[in-house]
Amino acid sequence: MAQSKTVEIRKRRVWRISEAAPAGEFVDADQLALPVRAERTEVTPPGFVASSYELLAGVEVNDDPDSVPAALFDELFSKR
């Protein structure tokens, strides 16, 4: 004899990170409505992106503590 299978309707829950929930939350995937994104008018600083690019591309750092010879330094800044 043929048997009919009962179809269970289950909610599809997915983990989603959004601006409203930056730490993430479970949402029902079947009822997700795509929000209309407003245009951003504020300018944000580059943050970690610029720093990461500098680390990737390389940054030239010149840390020369002896830029003035000691004799000249003493002559210019000596106590009289």
Side-chain angles (χ1 to χ4, degrees):
M1 233 187 212
Q3 295 178 354
S4 64
K5 294 183 180 179
T6 58
V7 177
E8 290 183 26
I9 299 175
R10 288 194 276 170
K11 291 183 179 181
R12 292 185 314 144
R13 292 180 52 168
V14 295
W15 183 259
R16 183 172 116 181
I17 297 174
S18 64
E19 288 183 13
E25 64 181 343
F26 281 107
V27 293
D28 185 12
D30 295 327
Q31 294 185 2
L32 285 179
L34 297 176
V36 177
R37 294 188 75 185
E39 292 293 324
R40 286 189 170 186
T41 57
E42 63 186 56
V43 177
T44 57
F48 73 92
V49 176
S51 176
S52 298
Y53 179 76
E54 289 173 351
L55 291 172
L56 177 67
V59 178
E60 184 177 326
V61 177
N62 187 2
D63 188 19
D64 188 11
D66 296 328
S67 59
V68 179
L72 178 61
F73 186 85
D74 290 340
E75 183 181 330
L76 293 173
F77 300 105
S78 64
K79 294 182 181 179
R80 295 183 185 203

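Everything numeric here is computed off the predicted structure, so don't read it as measured data.
Cluster membership check: W15 does not share its hydrophobic cluster with V27, using side-chain heavy-atom separations under 4.5 Å among Ile, Leu, Val, Met, Phe, Trp and Tyr. Side-chain heavy atoms closer than 4.5 Å link hydrophobic residues (I, L, V, M, F, W, Y) into clusters, and following such links, even through other members, never connects V14 to I17.
The two residues R12 and D28 make their nearest non-hydrogen contact at O-OD1, 3.3 Å.
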